S.K.: 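Can you read through this structure? Questions will come right after.
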Amino acid sequence: MSPTAIRAQAHDADVFTDMLDVVDDLTESAVRQIVSGEEDFAENALPPQLLHDVVRANIEAILRVVSGDANVGVDAATWAGRVKAEYGVPISGLLHGFRLGGLEVWEWAIARAADGEQASALLRRSSHFWGTLERFTTAAAEAYRHVTGDREQREQVSRRVALLAVLEGSAADRGPNGVPAAGVPRALGLPERASYRVVVGEIGEQGADPLPGVATLLDNAHIRSAWTTELGERIGLVAAVSQADTEGVPRIVERAATSRVGVSRPFTSLAAAPGALKEARIAVRCATPPAGVHGYGSAPIDEFVATHTESAGELSENVLAALLTDEAGDAALLDTLHAWFAADGSTAETARQLHCHRNTVLYRMTRIAELTGRVPTRPVDAAELYVALRALRFGVNRK
């Protein structure tokens, strides 16, 4: 290093070293600058003495670094990041504080330069000063994000535990009114008074989210929700504060659905959540694959069949045994019976749906009656045939 460079560094170091003697005054000045923007950056969330101590520690550390002390690390900056994260100061406030503090130190350094040579030396060393400030700012921001990341993870775990407790019924007061435990909705980020629904989405073999973006869609409609993923299911507790919002939940959920999804009936007490979860799971089995939304209560027969699959399977095979032989003609009979029920028993509409002649439909319906021993136009027989057909939809194996 040349003698000129050495002298310049010495002059510069003298200015910063001298400023260590007035670090308390410098701190007071910097703190005043920082808190003047408290409305925007919420620095007033920190106790005054704590803010003073944080600012002082960082100013002193920066002065020592630029004075040539190689043993000073960024511990003060890390402390600042942790403290401001813990007190809820936004990261913009953290960065703003370091900018203001850095400007204050630099302005004091310029003002204390004894002559033009010292001022020139300071300018030559400006990159070192601002680089040091950037290093401290970066360390503070990393510490801040670490704290907030850990806190968010803890909050997510806490919300998940609270949600599972609600769905399992352990979060409800066991008193006569089934009043939910105080604070549970608030812990889930939900309104205290609301009309709730449980939503269950079926996760496929590839593990894809069956309801991507659903929380955002609900938030945009001013409907709050809490979600978790458990054993192949995406489960949500949705809270709406108006009747219109309650009724609109299935439509919003349908916009996000990429798999089968079930929605429970509305309920107002969290004590009813376990029953609603059962409803939503039954509704999933009633939803149209590969992606559809079923609201519990909208198709009672389907829900009954989905709940009693073994009995429904026996009924299906007993009633439709003669039509479950995998022969082409039998398949046409099943298709015709499906279409006939969908057409509300209209032969003409059934023919239109199947693109065949009305007489063909009449022949097939007669053949169905002969093979099953049940006349589709007779109410009791029609009920057995319809339930048997719905059971086929839930995966009853043919003989």
Side-chain angles (χ1 to χ4, degrees), residues 1-35 41 43 46-87 89 91-115 117-151:
M1 183 180 296
S2 68
T4 302
I6 292 174
R7 283 195 301 273
Q9 182 174 341
H11 278 304
D12 198 30
D14 287 341
V15 171
F16 288 120
T17 301
D18 290 346
M19 288 173 63
L20 287 167
D21 295 333
V22 293
V23 69
D24 287 328
D25 294 336
L26 181 52
T27 297
E28 293 294 338
S29 180
V31 168
R32 283 195 298 271
Q33 292 292 327
I34 291 171
V35 298
F41 298 102
E43 295 288 348
L46 272 69
Q49 186 60 50
L50 180 57
L51 176 60
H52 178 278
D53 293 345
V54 167
V55 172
R56 189 187 191 286
N58 279 275
I59 288 177
E60 182 177 359
I62 290 172
L63 288 174
R64 291 191 180 281
V65 170
V66 296
S67 295
D69 189 341
N71 296 319
V72 177
V74 294
D75 291 349
T78 300
W79 180 40
R82 288 200 306 266
V83 165
K84 294 196 177 185
E86 289 166 356
Y87 276 85
V89 176
I91 194 168
S92 57
L94 171 69
L95 302 178
H96 184 66
F98 270 89
R99 284 194 296 269
L100 289 178
L103 286 171
E104 196 71 9
V105 171
W106 185 252
E107 289 175 0
W108 277 53
I110 292 294
R112 291 172 67 86
D115 51 38
E117 185 178 349
Q118 278 195 325
S120 296
L122 280 176
L123 291 176
R124 287 194 300 271
R125 296 262 298 176
S126 63
S127 61
H128 178 47
F129 172 79
W130 295 111
T132 299
L133 179 65
E134 178 65 23
R135 184 159 63 91
F136 272 61
T137 303
T138 300
E142 289 177 353
Y144 183 98
R145 294 188 180 98
H146 182 74
V147 170
T148 55
D150 285 349
R151 183 171 59 207

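For clarity, every value in this text was computed on a predicted model and none was experimentally measured.
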S.K.: At their closest point, which heavy atom of His52 faces which heavy atom of Val31, and how far apart are they?
M.R.: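 Looking at all heavy atoms of both residues, the shortest contact is CA-CG2, 4.1 Å.
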S.K.: Are His96 and Ile34 side-chain neighbours, meaning at least one heavy-atom pair lies under 4.5 Å?
M.R.: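 They are not in side-chain contact.
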S.K.: Which value, rounded to the nearest 0.5 Å, describes the distance between Arg99 atom CZ and Leu94 atom CG?
M.R.: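 With rounding to 0.5 Å, CZ (Arg99) is 9.5 Å from CG (Leu94).
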S.K.: Find out whether Arg135 and Val65 are in side-chain contact, i.e. whether some heavy atom of one side chain is under 4.5 Å from a heavy atom of the other.
M.R.: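 SC-SC contact between Arg135 and Val65 confirmed.
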S.K.: Quick check against the 3.5 Å criterion: does Tyr87 have a side-chain atom that pairs as donor or acceptor with the backbone of Pro47?
M.R.: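 Not a single qualifying donor-acceptor pair exists.
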S.K.: Below 4.5 Å, heavy atoms only, C-beta onward: do Ile62 and Phe129 meet side chain to side chain?
M.R.: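 Yes; the side chains approach each other to less than 4.5 Å.
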S.K.: To the nearest 0.5 Å, what is the distance between CZ (Phe98) and CG (Leu100)?
M.R.: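 It is 11.5 Å, given to the nearest 0.5 Å.
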S.K.: Between CG of Leu95 and OG1 of Thr138, what distance do you get to the nearest 0.5 Å?
M.R.: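 Reported value, rounded in 0.5 Å steps: 9.0 Å.
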S.K.: Decide, yes or no, whether a salt bridge links Arg82 with Glu86 under the criterion of side-chain N to carboxylate O below 4.0 Å.
M.R.: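 Result for this pair is no, no salt bridge flagged.
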S.K.: Measuring from Arg56:CZ to Asp24:CG, what's the distance to the nearest 0.5 Å?
M.R.: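 Arg56 atom CZ to Asp24 atom CG measures 4.5 Å (nearest 0.5 Å).
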S.K.: Any side-chain heavy atom of Asp25 sitting closer than 4.5 Å to one from Trp108?
M.R.: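 Sidechains of Trp108 and Asp25: in contact.
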S.K.: Which heavy atom of His128 sits nearest to which heavy atom of Val66, and what is that distance?
M.R.: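 The pair with the smallest heavy-atom distance is NE2-CA, 3.7 Å.
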S.K.: Is the shortest side-chain heavy-atom distance between Arg145 and Ile91 below 4.5 Å?
M.R.: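 Touching, per the 4.5 Å side-chain cut-off.
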S.K.: Tell me the closest heavy-atom pair linking Ser67 and Phe16, and the distance in Å.
M.R.: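 In terms of heavy atoms, the two residues are closest at OG-CB, 3.3 Å.
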S.K.: Let me have the donor-acceptor pairs involving side chains of residues 69-80, under 3.5 Å, with sequence neighbours excluded, atom names and distances please.
M.R.:
| from | atom 1 | to | atom 2 | distance (Å) |
| --- | --- | --- | --- | --- |
| Asp69 | OD1 | Asn71 | N | 3.0 |
| Thr78 | OG1 | Val74 | O | 3.2 |

S.K.: Measuring from Ile59:CD1 to Arg64:CZ, what's the distance to the nearest 0.5 Å?
M.R.: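 Here the interatomic distance stands at 13.0 Å.
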